[in-house]
Each structure stands twice: as structure tokens, then as C-alpha cells.
There are 4 protein chains.
Amino acid sequence: MSPRSKAQFEEIREASTKKILEAALELFGTRGYEATSIAQIAKSAEVSKGLVYNYFESKEHLLEAVVMDLMNIGDEMVEQMLDPDPAKTLENLIKTVFQWLAENDRLNRLLVSLSTQLDRFQFVRDLASKKMDGYLMMLEELLQKLDFEDAKTEARILATFFDGIALHVMMMKEEYPLLEVQEMLINKYCKNSTVN
Amino acid sequence: MSPRSKAQFEEIREASTKKILEAALELFGTRGYEATSIAQIAKSAEVSKGLVYNYFESKEHLLEAVVMDLMNIGDEMVEQMLDPDPAKTLENLIKTVFQWLAENDRLNRLLVSLSTQLDRFQFVRDLASKKMDGYLMMLEELLQKLDFEDAKTEARILATFFDGIALHVMMMKEEYPLLEVQEMLINKYCKNSTVN
Amino acid sequence: MSPRSKAQFEEIREASTKKILEAALELFGTRGYEATSIAQIAKSAEVSKGLVYNYFESKEHLLEAVVMDLMNIGDEMVEQMLDPDPAKTLENLIKTVFQWLAENDRLNRLLVSLSTQLDRFQFVRDLASKKMDGYLMMLEELLQKLDFEDAKTEARILATFFDGIALHVMMMKEEYPLLEVQEMLINKYCKNSTVN
Amino acid sequence: MSPRSKAQFEEIREASTKKILEAALELFGTRGYEATSIAQIAKSAEVSKGLVYNYFESKEHLLEAVVMDLMNIGDEMVEQMLDPDPAKTLENLIKTVFQWLAENDRLNRLLVSLSTQLDRFQFVRDLASKKMDGYLMMLEELLQKLDFEDAKTEARILATFFDGIALHVMMMKEEYPLLEVQEMLINKYCKNSTVN
DNA sequence: GATGAATGAGTGTTCATTCAT
DNA sequence: GATGAATGAACACTCATTCAT
């Protein structure tokens, strides 16, 4: 009865959605959300303006979809760095953060830029808040195992520092001495257990 | 209708310019650059739209003037914290940074948000780059005096960390444990000379 | 996969057409023609957008079909009120008009609203004009039999009045005193023969 | 100080406002509110789209302004027809209504068309409701003085009839026999007192 | 016969900027 | 120096219509 099967339609939908999401990420990440127009996204995705609205209710919903996509990727990465040795886990974590920053310039820029507009995008605030809490708890636990005195504040410092790096890498790109900083950080935090 | 002296004109110019700059800073800081219109600035400064364009070539030039103003204030602050004892100077510096962040929510937000658009605002890139270099050099010198081994990287870490705090305070406002973090930071960096 | 007979196809066609027409009537009547989208009609008729265009050339042609449908219903009603006694026929007519208005809020609204756009919908103009002529002639004939002096103008007045009620009922809904008005109207027009 | 005086600005504003209001009335009245775009109004008023929004917050506010303008005119007319003799006043009223309909085609069409969208335009509903109440009371009073038995319902009938004429004139324009209908109406209602 | 993905012209609205005075 | 009326390009979004399957 139907001319195309459900599966065929699904394929088409997915392909178009993907093209749009990728274009949106690219542009939101490089120019920022406000400075990117739907027309630009459509053009970059080689698609009509109207189609964007077939798949996403509004520009803001498109942004939400882009961010949600990213978050899922983030979760997967965390699981891969667990290790029986807490020092090793922390080292993995640090290395992963640094590597991610080196490779995901546009996502990084998008996330930082959104963090300046938390009031406007409630969903970002909720998401960031939840992520940050999980983040902090994990770090605190690790640092406790590594016998840090005030693990809670140390975790805060480490988390703050990670985002500081995100900001600086975003601003300076390759000029930021990621390797040196990473090494010193590992020295400071992952060699602690042996010292104490 | 007595003709006005040059000085009088100059006074008027300066007063109007100041009113506009203040309104622009306030609005750019709270709503963001994109979301603030020239009409809003003019209204808030109790001035006509046309007058804004008499003093500033464009919205972007107005932004530039606002940022320049901020930077000058920053320079003044640095001079006030110098102390013969490097540990004391560093402590002053840390305290000043923390205090500024606690008190200047909107400026902080404006600066962070501009840092995400360095490609668009070339003058911000140049400015930030120059400031950062001076900043880093000053920190490196201090840390060297405090006998840190790799003072260059430590300076980088400290600068990165400051901006990380800026980012987190902007996001979390009063919820960020500024005091605890500040204390731990002072312990880590300003007690070094006595230890070594 | 048995081939379907012509009759079966015809049945399918008719069923789909009917569903679409009903949905369109409902939506045009409640939201208005401009404010109703083809997508809404298709959804409400549980049919694809494409199918609507299989059966109706355009949105405007669909409207035309809807209106034609309505008109046929109107014709059927007229035949049911004929009576040997002209006074009785007129009374039937009045009562039918009032009852229809009380029961067909949405159709009434659609027709009035279309009458304000006669220039745009030529077919409505033609249709309305033809209907009105027949209407007037019937009324004139009746009133002549009831010995009204200037039956032509009286017929015009009655017809005008009917549409005035349509307008007011549409605006005021239940607040309009349909019963009182109906009674007075019957008194004025259907008791004439006994007086003269 | 100011380049143009307040009065000059006021003049300019008024002239532009008037041009826009006139164009809007013309187009809303002929094509309807929905079918008229701001672009069309601006073009017809020989003005930029942007200017329309300088003077009117939104398309709906523009409509409101147009309608309010009309209503004020209506009020002025009522006062001019009062007469010590109620029969004469009623006659004046009838004549005024008929004359207004003959001369104000577009306003009439606009008002009828808005009456089909009372739910959408709250301000029209409020306005119409208030006008109608005053209208009915005045008619009732007049008819009471003229010794009509059920003056309340008669007033309702007259008011309904007026709007019926409005509807028919709007549809048929010059083809509607305004004069004959007017004469018969005056005969029916304004000769009553002498008979009784 | 039937589907719904895709298009593009059009909508209401905003706003940086210009300019006559 | 100062005003605000005026412009026009741009924006987010809608929707009648087409078409490959």
C-alpha cells in the first residue's frame, strides 16, 4: 500500500537528521548559537530551510538535540577509564580530558559558549548541573582513595582546572602547551599515594 | 546663545561618552552583546540613537571601547598588589582575583562570552593575547622567586586555573565555594618558599 | 494481492473523499479557512497530505467542495417544508432557519466568513448569488399569496433579516434570544392573511 | 539643541501614522486581515516595512488602531440624529445607518469580517459587545416611546436587521435595493405612533 | 491508491545604520 | 552637538504544493 516501506522512510529521516545535526554542530561551534542562522545551517547541510523545521521544532530545539548528542558521547568515555588502581584511573581521566580537548575544538567552544547563557537555556543549566555533580563526586572519591586531605575541595579545584583548560584551549588552540600541563598535573595528583 | 568654549564642548562630549559606555557595559554584561540593541543602550543612557553613532562608529566599535575601559581598570589593580615579598604579592594577587570575581559578575560574564568569539572580534583576540602574555610573565617571575621548579608551566597552570574559576563562578554564582578554594590555593602556592 | 474491482476502488475513493471533506468542514468552520492548514486536515482525516492533493487540486478547490456539499443539504431541507397553506409554509421556513442556526454554529460561521471574501472566492459569489435569487423568488411568491402589498421588498427584508440573525447568532451564540425573535417574526408575517 | 522641534516631529509622526492607517484600512477592508500582509500595507502606504513597526507594535495592534479610529467616528454620528420627536429620531437613525452603509463599503466589510473572529480578537469582542448594548437600549427606549408592545424584542429585531443589511450590502454592493428597503422600514417603524 | 520527505516563497518582526534637520 | 524618523537586509518560522517511490 505504502510506496516506501517504513524502514525506507526511517533511513531517509535519519540521514537528513544527521546531515542537519552535523551542520548545526559545526556552525554553532564555530560562530556561536546566536550568530548562526537556520538558513546557514540549511545551506551547509545542503537542505532546504523548511526541512530543518520538519525535524526540529525550533532553532532552540535543534540546539538541544545537538547538545544531547554530545552528552551521550561523553558518558561512554567515562566508563572506559575505570581501573582498579585509583591513581591509574585518575591518570586515565586526565589524559582523556586532555585528549578530548585537543580533538573536539568545536564542541568545546559550543559548550563553553552555552555556559555563558545558562539563564536562557534551561536545559543546558539542568544538564550541566547534573553532569558537574557526578563529575565532582567521582573526583572526590578518587582523591579520597589517594589520601588527599581535603578531597572535596581538591576535587573542586581539579574540576575547575579542567574547565579552565577548556577555556584556554578554546582561546589559544595549538598554542596552549597541553602536554606540559598534562604532565605536571599527573605528577601533582597521581603520584600522591606513593608520597604519603 | 553665548558660544561655548572648547573646554565646554569637551566636557559635554566626555559626559555623553561616559553615559553611553556605562549603559553599554551594564547591558552587554547582563544580556550579552548580541541580545543588546543600540536602541536599548541609547534609552538606558538617556540619549538618542543618533548620538551613539556620533561617538562610536558601530556597535562593534562601542563594544571595543567598553572592553578597553575594562582593561585599563585591570591594569590599575595589578599595581596595587605589588609587595617586596613575592609570597605576599602572589597572595595579594590571588585574593584580588577572587574578590573581583565575587563582585563583578556581569563583567566576568561579558569577558568569558567574548572569549568564545575571538574569531569574530579580532580586537579582543589581540587584547586578550597581550594581556595573557604579561600575566604569564608576571606569574612566572613570582613563582621563580618562590623557587618553583618549572615556574613557566606552573604559571600557566595558575593562569588557567584563574580562568577556570571565572567560568565556574559565572555558571554557579554563590554556590561556588570561593573561600575554600582560595585558601587551598594560597596554601599550595604561597607557602612554598618556607617549605623548600 | 487479488486485483480490486472498479467498484472496490470507487468505494475506497468515496470513503477517503468523505473523510477529508468532513475534516475540512469541521476545521474550516471552527478555525477558519486561512487558519486551517492542509496538514491539519490530513491529520484529522487520518490520511496523508499527498492524498488530499490526489482528490482535490488545491486548498481552494477543497473549500469549494466543502461549500458545494453544504449547499446540497440546504436544498433538501427546502423541499421538506412545502405545505398547501402558504402561511404554514412560511412558518415552517422560519422555524427551519432558526433551528438550523441553533444547531449549526460552525457551518454558519464558515458561510458568513466566506461571504466577506466574495472577491477572492469567485465560486462562492456565483453560488451565493444563485441561491439568493431562488430564495428571494420563493419568499416573494409566498408573501404574494399572503396578500402583502409590496411582496418583492418584503421578501428582500425577510431574507436580509434571516442573514442578520445568522450574523448575530454567530457573534452572541446562546445569548441571542432566538425564541422570542422567532415568535414575533411568525406573528408579523404568518398571521397577515387573517388581518387583511 | 534639537534639530527639529517637537512640533515638527509630531507632524511627521502624524502624517506617517495616517498614511499607514489609511492603507491598512483599505487593505484589511478589501482583502481581510489575514490575507493582508504588512509588506502590502507598507508598499501601499509608500513606506518601509520597518516604519510600520515604529508606529505599531504588531499587526494586531495595527488592526486595533484601525478599528478604534472607526469607532470614534461612529459615536459622533449618533449625537447628530437626536430629535424631540422619537419618530423623527428613529427615522434619522435608519437613514443614517443606510447612508453609512452606502458610503463605507470597506469599513463595513472589515467590521463584518472581524465579527467572524471574535474569539481571536478580544478587543473586538469587548468593543462590539459594549456598542451593541448601548445600541439596543437606545432603540428600545425609542420604540417604547412609539408605543410598541414588546419594545425589547422589537429593538432586537431592528438591530439584527441593520446588521443583516450590512451583510447583504457588503455582498451585493449597488445591487442591493437600499432605497426601497429603507422606505419600507420607515413606514413600518416610524408611522406607528400615529396609528396607535 | 497512498505516503511523507522535500521545497521555497512568503510571513511577521527586529535592528544596525543613515540622514535631514 | 543632537534628534528620532526612516530604511532594508536579515531572522525564525509556516505552509501549500510537488514528487519519487
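Protein chains get the first letters and strands the later ones, always in sequence-line order, with residue 1 at the start of each. Since the structure is predicted, the reported quantities are computational estimates derived from the model, not experimental observations.
Taking the charged nitrogens against the carboxylate oxygens, C:E14 and C:K19 have no contact shorter than 4.0 Å, which rules out a salt bridge. In summary, B:D119 and A:R31 do not engage in a salt bridge, as defined by a charged side-chain N under 4.0 Å from a carboxylate O.
Atoms CD1 (C:I12) and C1' (E:dA2) sit 10 Å apart, rounded to a whole Å. Between the P atom of F:dT17 and the NE2 atom of C:H61 lies a distance of 10 Å, rounded to the nearest Å. One can place CZ of B:F56 at 13 Å from P of F:dG1, the figure rounded to the nearest angstrom. Rounded to an integer number of Å, the gap from CD1 of C:I41 to C1' of F:dA16 is 11 Å. When rounded to the nearest whole Å, the span between CD of D:E11 and P of F:dG4 equals 16 Å. Protein atom NZ of C:K19 is 11 Å distant from nucleotide atom C1' of E:dA2, rounded to whole Å. When rounded to the nearest whole Å, the span between CD1 of A:I20 and C1' of E:dT7 equals 13 Å. Between the P atom of E:dT11 and the CG atom of D:L63 lies a distance of 17 Å, rounded to the nearest Å.
Phosphate contact (OP1/OP2 of F:dG4, side-chain N/O of D:R13, threshold under 4.0 Å): absent. At F:dA2, none of the side-chain N or O atoms of B:N54 fall inside 4.0 Å of OP1 or OP2 (strictly under the cut-off).
Surrounding CD of B:E57 are at most 12 heavy atoms belonging to other residues, nucleotides or ligands under 6.0 Å away.
Rounded to the nearest 0.5 angstrom, A:Q122 CD and A:L118 CG are separated by 8.5 Å.
Annotation: of the two residues near DNA chain E, C:V52 and A:V47, the 5′-most nearest-nucleotide partner is C:V52.
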(request) Convert the base pairs of DNA chain E into dot-bracket notation, remembering that pairs crossing earlier ones are written with [ ] and that bases paired across to another strand are shown as |; include only Watson-Crick or G-U pairs under 3.5 Å. (result) .||||||||||||||||||||
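Considering only heavy atoms from C-beta on, A:V67 comes within 4.5 Å of A:L63 through its side chain. Residues A:L62 and A:I41 are in side-chain contact: their nearest non-hydrogen atoms beyond the backbone lie under 4.5 Å apart. You'll find the side chain of C:D105 stays beyond 4.5 Å of the side chain of C:T30, heavy atoms only.
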(request) Encode nucleotides 8-14 of chain F as B, S and - characters from 5' to 3', where the letter depends on protein heavy atoms closer than 4.0 Å: B to the base, S only to sugar-phosphate, - to neither. (result) B-BSSBB
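Scanning all heavy atoms of the two residues, the minimum distance from A:K59 to A:F28 falls at CE-CE2, 4.2 Å.
Of the candidate nucleotides E:dA6, F:dT21, F:dG1, F:dG1 has the atom lying nearest to any side-chain atom of B:F9.
Listed by first and then second residue, the side chain to side chain donor-acceptor pair (under 3.5 Å) pairs that reach into residues 106-117 of chain D are D:E26-D:R106, sequence neighbours excluded.
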